[in-house]
Chemist: 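Structure in structure tokens, see below.
Owing to the predicted nature of the structure, the values given are computational and were not obtained by experimental measurement. Scope of the values below: all heavy atoms of this structure, side chains included, with no hydrogens, waters or symmetry mates.
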Amino acid sequence: MSNLLSSQPHDSLALQRVDGVGVIDADHVSQSVRFGAKDLDILRDISFQIQAGEQVAITGKSGSGKSTLLGLLAGLDLPSSGRITLSGQNLHLLTEDQRARLRLSDVGFIFQSFHLLSHLSAIDNVMLPLTLARTLTRADAYARAAEMLVQVSLQDRMHHQPSTLSGGEQQRVAIARALVHRPAIVFADEPTGNLDEETAAQIEDVLFRLNREHGTTLVVVTHHQQLAARCGRVLHLHAGQLYEGQRSDHDLEQLL
Amino acid sequence: MSLFTIFCRQVLGGRTWQLLLAALVLAVTAVTMLQFTSATLLTAVTQQAGQLLAGDVAITSTTPIDPMWVKRAVGLHQTSVIVFNSMAQTGDQFVLSSVKAISTGFPLRGALSIHYAQSSSDHPFPPSGVVWVEPRILDLLHTTVGGQLRIGDLQFTIGGVIDRDSNRELGMNGLSPEIIMNVSDVSQTHVIQPGSRIEYRLLLAGESTRVQQFVDMNRPLLTSKERMRTATQNNDRLTRPIHLLSQYAQLTGILVLVLCGMALMQASRRFADTLQESMALLRCLGASSRQLTRIYIAALLLLLFLGLIIGSVLGVWGAYELLSLLKNSLPSLDIRFAPSLFLRQPLLAGSMTAAIVLLGFTLPALMRLSRVSPLRMIRGDLPVILRPWRTGLMNVMYLLIIWVGITGIMVQQTSELRFSIVVVCGLTGLIALLFAIIWGVVGLLKRLSHRLAPYIRHPLQMAIQLTSLTLGLALISLVVMLRHDLIRHWQVDLPPNTPNQFVYGLPADQRTSFQEAITVQHWSMSPMYPIIRGRLLKVNGRELSTVERQRNRLDRELNLTMAAVLPEGNRLLAGQPLTKAGQISMEQGLAERLHLQLGDHLTFTLPEGQITAVVTNFRSVAWNSFQPNFFFILTPGTLDEHAGSYMASFYVPERAHAALAAIVQQFPEAMLLDMEMVLGEVRHLLDLLADALTLLVLMVGLAGLLVLISSLHVSLDERSREAALLRVLGATQSALRQRILMELGLQALICACIAIIFTEVVAAFVAHELGLSLHGHPLFWGVMVLGMVVLSILVGLAQLSGLWRMRPQMILRRLQQ
């Protein structure tokens with residue numbers, strides 16, 4: 001079944017919300033920004049759920065609001081209206097620090113530009129979430145980070161700094177960092193955007209393999225159709241609204 | 001690894017922390033060095049309060065001390081001293097010396113330490129026929145300890161060398177080398193004649209209460225010829241120049257502080273920019289704002305601690321160097337370098353400075369950093385400042401904190417609130433004015449010149465950077481310019497045949513024979529002027545106030561003379577020539593300061609009584625003409641010329657030194673002042689002071705350099721991106737280099753031109769106040785413009801050369817990390 005994420009005439013495209021079940025729950029979420037004298041609507045009345053363990057791709061053309069939506073879901077920002085629940089927590093009711101704590105315990109991030117700290121080694125970068133959380137001793141944190149680097153086949157590059165790693169290797173370190181603290185959810189923002197086709201394919205393999213092994217919920221923002229196709233579910237952003245299923249904007253325009 | 005360690009690693013990986021530390025260290029160095037120097041000097045003066053006077057109280061007079069004073073001072077320790085100038089001669093060598101004739105008990109306070117000749121034993125004061133001399137006497141007279149020396153009609157044996165005399169004369173007398181003799185020998189020298197400049201002193205010392213009682217009870221009993229000086233009053237003569245020097249030093253310190261602050265502000269901005277992404281990442285991964293605030297505070301404290309330690313060590317070293325330089329120019333002061341003195345005020349001042357400067361100038365940037373949104377990890381285009389009005393308000397608040405902080409530092413250093421506020425307000429106004437001018441110029445250039453517009457990136461930002469640079473350059477130039485003018489003022493080379501000798505104290509009955517002795521040698525000589533010592537008492541029957549006396553230096557005896565014709569170099573400005581007795585001609589400047597008119601009556605007190613004369617004309621005087629010059633000239637016949645002595649100037653060729661020595665021997669009562677020697681001594685003193693000033697200028701220069709480096713640093717990322725893009729698009733290395741150098745050159749040119757205008761205006765004002773000649777400095781303009789352009793380019797090359805040497809791929813890669 002196809003779903004539409006706002007109350008629109010075409011009910012066949014609407015997503016169904018089931019209260020109280022999803023690990024991520026968006027309820028009538030809208031996001032606008034002030035642009036000069038006008039308000040610009042980026043997201044319009046979106047509602048959906050993502051269940052635990054799902055692998056969801058959010059697609060759309062450039063400027064469609066994918067990254068904006070990702071930021072809202074991860075608690076990096078608050079919507080102009082509506083409600084987002086992450087791991088059962090209503091983000092609107094949390095302070096910025098509380099949202100940070102939630103991210104620390106339940107969320108992992110993978111970015112398009114890798115965003116490794118340039119003056120830390122690979123293993124130190126992977127340890128970063130554990131260092132922030134301070135729930136493990138340094139020895140234990142080190143051991144876990146080392147284990148993650150083995151899982152991404154970088155055991156020989158543990159002490160290398162990002163400047164000496166290739167793009168693919170840096171992204172693998174980022175994947176290890178995203179999973180080292182065993183989060184419930186991993187958000188990936190264009191994880192293969194800066195990589196060539198071959199390397200991108202390798203990264204996708206690593207990402208999905210580890211995601212399955214760790215049992216995390218994966219939300220990937222991408223405009224790569226191939227990557228989106230590997231996810232169990234695709235949500236497509238078009239004109240501020242979210243549509244279920246892998247679609248092109250042309251198809252949607254025809255449909256609407 | 002802790003979050004703090006992660007933060008430090010990110011910081012240490014860049015170069016901005018070095019700039020931050022350098023600016024902080026320089027600020028602390030400047031403040032502690034200058035504080036330490038001032039504290040040491042003032043401590044020396046305070047501790048040696050009585051020593052400088054050689055007693056607690058001195059009764060002085062130009063005539064022998066009234067014996068009544070000896071009776072009045074019963075119960076206090078007493079000793080007599082006579083101080084006068086005289087020629088000291090050995091063979092054909094002679095030198096004008098400051099002679100101090102002492103008796104038992106000298107000094108009552110302080111120290112007089114003598115290095116005795118091997119043949120003589122220690123004495124509390126020189127025996128009859130023996131003198132003690134300063135080492136310079138031995139050099140100038142080409143003699144040694146044990147040799148002979150003549151003063152007036154008496155021959156003396158040099159019995160020892162003066163190691164240290166805490167009662168060393170100050171001022172012009174201090175320029176002449178010192179000789180100490182027995183007071184009982186004075187009369188036999190026959191150097192003391194009517195009109196001789198001589199001071200009789202009765203030194204007293206005792207328990208402080210008794211001394212104070214004596215002063216309070218007997219001060220009203222002083223006659224017009226007598227003066228009473230206490231140790232504190234005597235210290236004022238020394239503390240005044242030290243106080244001035246200290247104020248100048250504090251001002252320099254504040255300038256260094258402000259420049260370092262500007263460097264810190266720019267460096268911290270870059271610091272925050274480079275860390276934004278890292279901090280956003282940490283926020284994204286779950287670091288709380290409290291965690292991040294804690295590491296910022298820890299980092300600041302670490303920087304503060306390092307800056308304080310390094311700055312203090314350098315400050316102590318700098319103070320040692322400065323004190324060593326000053327020690328030579330203040331021989332009467334026993335300056336002791338005591339590191340323990342540092343632990344009091346200087347360390348406190350340094351700590352306060354470090355804290356205020358660091359917090360005040362870096363806090364805005366760090367606050368920006370603390371407000372970085374984690375959303376930047378996904379939306380890299382997100383601006384950091386989300387509420388501009390709030391940020392603007394906070395920036396105003398920070399500026400106020402800085403302003404108050406710097407004023408506080410200055411008050412703490414100078415203990416003068418009004419002076420501090422005036423200086424800081426002046427600086428603030430100056431910075432605001434410079435900024436307004438520069439912003440206008442930069443904006444205008446961008447709008448009007450298509451060729452220059454590409455080199456002006458962001459007019460406002462550029463204006464802020466250029467203001468810092470211009471201020472630094474202007475201040476350095478001002479200090480260098482004034483130093484140069486001051487030295488030049490005294491480095492006058494005597495034109496050929498300008499009189500190079502002054503004779504004074506010549507008894508009236510020897511005038512004719514002296515004139516003949518000079519004429520026989522075919523040396524040119526000015527007219528001989530009678531000198532009668534007198535003190536201006538009243539104007540139109542009204543006694544001069546203490547303020548008028550002090551301001552115009554009329555609290556001492558003046559040289560009055562008589563002449564029918566105006567001396568060479570004097571020009572009649574108003575009134576009539578002197579025609580009959582009882583008329584007086586005045587120097588124009590002094591007349592204006594005393595608000596005198598033609599026809600006013602001036603009353604003088606003289607050795608033989610009082611006289612009153614009518615102001616008949618005003619004249620200008622060429623004070624630098626090396627001719628006898630006078631503030632007051634009376635009509636011949638008004639005074640008794642036999643009551644004084646005679647003065648003239650004459651020219652002696654270099655080869656005629658032996659002939660001059662023979663004349664000196666012929667006229668033992670006359671004093672000869674060698675102008676070359678005097679100028680040499682003054683130049684020497686000024687050289688020492690100039691060296692001290694150079695040290696201060698160097699600090700200001702370093703601060704200015706830091707400002708230049710930090711301003712380049714701020715725009716490093718933007719330049720890097722632009723350079724990478726241009727290289728990718730096909731720009732050659734040389735084209736890129738040329739573009740950058742053009743931009744730097746333009747900035748340097750703007751800075752230099754505005755700095756030149758500012759410096760000349762201020763220098764003209766200061767020169768006017770100090771009585772120096774007013775003139776432009778065209779050579780400086782060229783040097784400043786060229787120097788600034790070259791320096792900017794060199795620093796720019798050092799900072800930015802990687803941009804055109806590195807492959808574009810590498811630059812982009814580095815920027816992405």
Chemist: Any chance CZ of Arg134(A) has more than 12 other-residue heavy atoms, nucleotides or ligands included, within less than 6.0 Å?
Modeler: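 Atom CZ in Arg134(A) is not crowded, with 12 or fewer foreign heavy atoms closer than 6.0 Å.
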
Chemist: Under a 4.5 Å heavy-atom cutoff, which of Ser278(B), Ser289(B), Ser2(B) has the most pairs with chain A?
Modeler: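 Sorted descending by pairs with chain A, the first entry is Ser289(B).
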
Chemist: Measuring heavy-atom distances to chain A, does Gln291(B) have an atom under 4.5 Å in its side chain, in its backbone, in both, or in neither?
Modeler: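 The side chain, not the backbone.
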
Chemist: Leu120(A), Asp189(A), Thr95(A): which one forms the most heavy-atom pairs within less than 4.5 Å of chain B?
Modeler: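 Winner by heavy-atom pair count: Leu120(A).
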
Chemist: Which one, His181(A), Gln98(A), Glu190(A), Arg177(A), leads in non-hydrogen pairs under 4.5 Å with chain B?
Modeler: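 With the most close heavy-atom pairs to chain B, the winner is Arg177(A).
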
Chemist: Hey, which of Leu19(B), Leu264(B), Leu20(B), Thr362(B) is the one that makes side-chain contact (heavy atoms from CB on, under 4.5 Å) with Phe271(B)?
Modeler: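 With Phe271(B) as partner, side-chain contact (heavy atoms from CB on, under 4.5 Å) holds for just one option, Leu20(B).
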
Chemist: Quick check on Ser105(A) against chain B: is it the side chain, the backbone, both or neither that has a heavy atom closer than 4.5 Å?
Modeler: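 Neither the backbone nor the side chain of Ser105(A) comes within 4.5 Å of chain B.
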
Chemist: Between Arg99(A) and Glu96(A) (salt bridge meaning N to carboxylate O under 4.0 Å), is one present in this structure?
Modeler: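 Counted as a salt bridge, because a side-chain N and a carboxylate O are separated by less than 4.0 Å.
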
Chemist: Relative to chain A, which of Leu12(B), Leu3(B), Leu282(B), Leu281(B) shows the most heavy atom pairs under 4.5 Å?
Modeler: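 Between Leu12(B), Leu3(B), Leu282(B), Leu281(B), the count favours Leu281(B).
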
Chemist: Would you please classify the geometry between the Phe111(A) ring and the His115(A) ring as parallel, tilted or perpendicular, with 30° and 60° separating the classes?
Modeler: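 The rings of His115(A) and Phe111(A) stand perpendicular, inter-plane angle above 60°.
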
Chemist: Supply the atom-to-atom distance Asn90(A) CG to Asp25(A) CG, rounded to the nearest 0.5 angstrom.
Modeler: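 Asn90(A) CG to Asp25(A) CG: 9.5 Å, rounded to 0.5 Å.
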
Chemist: Looking at side-chain heavy atoms only, is the closest gap between Leu24(B) and Cys260(B) below 4.5 Å?
Modeler: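 In short, these two side chains do not touch, never coming nearer than 4.5 Å.
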
Chemist: Any idea which of Leu117(A), Asp77(A), Val107(A) has the most non-hydrogen atom pairs under 4.5 angstrom with chain B?
Modeler: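 Of Leu117(A), Asp77(A), Val107(A), Leu117(A) has the most heavy-atom pairs under 4.5 Å with chain B.
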
